[in-house]
Amino acid sequence: MASFERASPALKEILLRIYNAEKPIEVDYHLYEFGSVEYHIKSSVSEPQVTYLSISTPFLSQGVFLSYGLSPFTLKMVRQISTDVLHIVEPANDGYQLTLRLDFSKLPHNKESLKIITEVSSVQAVILSSQLKEMLQNVNSWDSSQGIYKPIKLIYHPKEPFYVIRQPQKIVAVFPMRFKDNSDVIIATSFFQLMDVVSLKKWAKVPPCNWSPIPPLELRGESFEDLSTNGGFVSFDISSHHVEGKRLDKTVWSLLNFYAYVKHHVKCTRGFIQRRMRRRLDNLVEVLAKSRVEDGQIKKVQGWRKMRKMVGSKSKMIIRRWGDLGKKIKRIRFRIKIHGFARFRRRWLIVPSFSSSTAYTKLQTNGNNN
């Protein structure tokens, strides 16, 4: 799985600006990020080397952790960021779950200072990761009866819950997949269906992954709203060797960012398909344009010239043939011509006009007579 950047870019920029300032600056800044995360950064001119950082972030599961604040395990993970630079202020400021005192005077003047500030900027990721780590380690003691463990609903991104279920010799993480666009659903389900044909030897060290269009049996009894999806359900089987040593941190962070991982790759795939389609369309348009120029203009002109030559030659041939025929007809007429026949015809071949000596009277008929 992809490991996205844990540090908050905006928080990192503000802390670097305070640390690299040539003169002491007064800072009282509120920073808001996705998932109802709020930071309060405060630095005064009277105490330039000290900066106070307060954090408010929602818990992964409201039903698991106590309501009075962060657990001792989470506070321990926060202290491990830097024991010299970072100190936890108790109690935290009003409206925040954690307040840190940062002493920039103890930062080393080399590249190590940038690394420490980056780790301080990832404190929100440390809090959420430690909560999931603690949950995976202690999930055996939560709501189990007769070997059946109730799913634990976790929310890292708003409106994107996932579930953790403890089973014998493994932990199952189930992700209901939801997408806004139909094209994203098609691309994502195509990815999920390919998981059944991958090489088992190549992916033997990663958690086994399964996809199903219907909810698994472990989520029976959960709310209908949480189980209504259009992309199915993705399940990971996490065994003991996936949460040992350094693998625990990588596995936890990958589970927290699985939704972002899938959406990132779906978006990249859709962009790749669209670019290929536009490139293919441009190639087809270019081919059609070239063929239109060649077939529609050059060949048309050449064909018109050929047709013009053909019409001209045929017309000359027809005129020549009709000219010969006309000469033959004239010769035929000349052969039957008799000199003086016109005068003979006028004298002897005149038809006389006859007039009747008997007069006829037109009878008038009366319509009353029968």
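A 4.5 Å side-chain heavy-atom check between Thr99 and Ile88 finds every atom pair outside the cut-off. For the pair Lys133 and Leu248, the minimum side-chain heavy-atom distance is below 4.5 Å. Looking at heavy atoms from C-beta onward, Ile238 lies in side-chain contact with Leu255 at the 4.5 angstrom threshold. Counting only heavy atoms from C-beta outward, the side chains of His264 and Cys268 approach each other to under 4.5 Å. Side-chain atoms of Phe258 and Val234, non-hydrogen and from C-beta on, do get closer than 4.5 Å to each other. Under the 4.5 Å side-chain criterion, counting only non-hydrogen atoms from C-beta, Gln274 is in contact with Arg278. No side-chain heavy atom of Lys180 sits less than 4.5 Å from a side-chain heavy atom of Val185. Side-chain contact check for Thr74 versus Leu98: every heavy-atom pair is 4.5 Å or farther apart.
Going from atom CG of Leu227 over to atom OG1 of Thr229 covers 8.0 Å, rounded to the nearest 0.5 Å. Within the model, atoms CG of Leu256 and CG of Leu154 stand 8.0 Å from one another, a figure rounded to the nearest 0.5 Å. To the nearest 0.5 Å, atom CD1 of residue Ile18 and atom CD of residue Glu13 are 11.0 Å apart. The CG atom of Leu107 lies 8.5 Å from the CG atom of Leu102; values are rounded to the nearest 0.5 Å. Considering CD1 of Ile127 and OG1 of Thr57, their distance stands at 6.5 Å, rounded to 0.5 Å. Taken from OG in Ser113 to CG in Leu16, the straight-line distance is 8.0 Å, to the nearest 0.5 Å.
Nearest heavy-atom pair across Val262 and Phe179 is CG1-CZ, 4.0 Å. Between Ile81 and Val120, the shortest heavy-atom contact is CG2-N, 4.0 Å. Contact between Asn230 and Arg178 at its shortest, heavy atoms only, is OD1-CA, 3.4 Å. The heavy-atom pair separating Phe73 from Ser130 by the smallest distance is CE2-O, 3.5 Å. Of all the heavy atoms in Thr118 and Ala7, the pair that sits closest is O-CB, 3.5 Å. Summarising the geometry of Pro161 relative to Pro176, their closest heavy-atom pair is O-CD, 3.4 Å, with the distance given to 0.1 Å.
Residues in residues 220-238 take part in these salt bridge (Lys or Arg N to Asp or Glu O under 4.0 Å) pairs, two or more places apart or across chains: Lys153-Asp226, Lys170-Asp237.
With salt bridges taken as basic N to acidic carboxylate O contacts below 4.0 Å, one links Arg6 and Asp249. Lys263 has a carboxylate O that lies under 4.0 Å from a charged side-chain N of Glu160, or vice versa, which qualifies the two as a salt bridge. No salt bridge links Lys42 with Glu47; every basic N to acidic carboxylate O contact stays at or beyond 4.0 Å.
In this structure, the side-chain contact (heavy atoms from CB on, under 4.5 Å) partners of Glu38, at least two apart in sequence or on a different chain, are His30, Tyr32, Ser56, Tyr96.
Within the 3.5 Å criterion, the main-chain N or O of Val174 finds no donor-acceptor partner in the side chain of Ser235. Between the Trp211 side chain and the Gly231 main chain, a donor and an acceptor come within less than 3.5 Å of each other. In this structure a side-chain-to-backbone donor-acceptor pair under 3.5 Å is missing from Gln167 to Val172.
Of the N and O atoms on the side chains of Thr251 and Ser254, not one donor lies less than 3.5 Å from an acceptor on the other residue. Looking at Ser105 and Asp103, their side chains do bring a donor and an acceptor atom within 3.5 Å of each other.
Within a 6.0 Å radius of CG in Asp282, more than 12 heavy atoms belonging to other residues, nucleotides or ligands are found. Asp94 CG: 12 or fewer foreign heavy atoms inside a 6.0 Å radius.
In the hydrophobic clustering of this structure, Ile187 groups with Met277; members are Ile, Leu, Val, Met, Phe, Trp, Tyr whose side-chain heavy atoms approach within less than 4.5 Å, directly or through other members. Residues Tyr163 and Ile155 do not share a hydrophobic cluster, defined by chaining ILVMFWY side chains whose heavy atoms lie under 4.5 Å apart. There is no path of hydrophobic side-chain contacts, each under 4.5 Å, that joins Ile186 to Phe233.
Between Phe175 and Tyr259, the ring planes lie perpendicular to each other; the angle is over 60°, past the 30° to 60° tilted range.
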Go through the steps to decide whether Leu100 and Thr51 satisfy the test side chain to side chain contact (heavy atoms under 4.5 Å, CB included), and finish with yes or no.
-> CA-CA 8 Å; Leu100 303 178; Thr51 300; over 6 Å; no

Steps toward side chain to side chain contact (heavy atoms under 4.5 Å, CB included) verdict (Leu281, Val285) = CA-CA 6 Å; Leu281 180 60; Val285 171; 4.2 Å; yes

Glu119/Ser82 under side chain to side chain contact (heavy atoms under 4.5 Å, CB included): CA gap, chis, key distance, verdict = CA-CA 8 Å; Glu119 293 178 354; Ser82 178; 5.6 Å; no

Step-by-step side chain to side chain contact (heavy atoms under 4.5 Å, CB included) determination, Ile165 to Ile152 = CA-CA 6 Å; Ile165 305 104; Ile152 303 173; over 6 Å; no

Would Ser121 and Ser8 satisfy side chain to side chain donor-acceptor pair (under 3.5 Å), going step by step from the backbone distance to the final call?
-> CA-CA 5 Å; Ser121 303; Ser8 170; over 6 Å; no

Which is it for Asp184 and Lys267 under the salt bridge (Lys or Arg N to Asp or Glu O under 4.0 Å) test, yes or no, and what are the steps along the way?
-> CA-CA 8 Å; Asp184 294 348; Lys267 183 179 180 180; over 6 Å; no

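Taking Ile, Leu, Val, Met, Phe, Trp and Tyr as members and joining any whose side-chain heavy atoms lie under 4.5 Å apart, directly or through other members, the hydrophobic cluster of Tyr52 also contains Val50, Val89.
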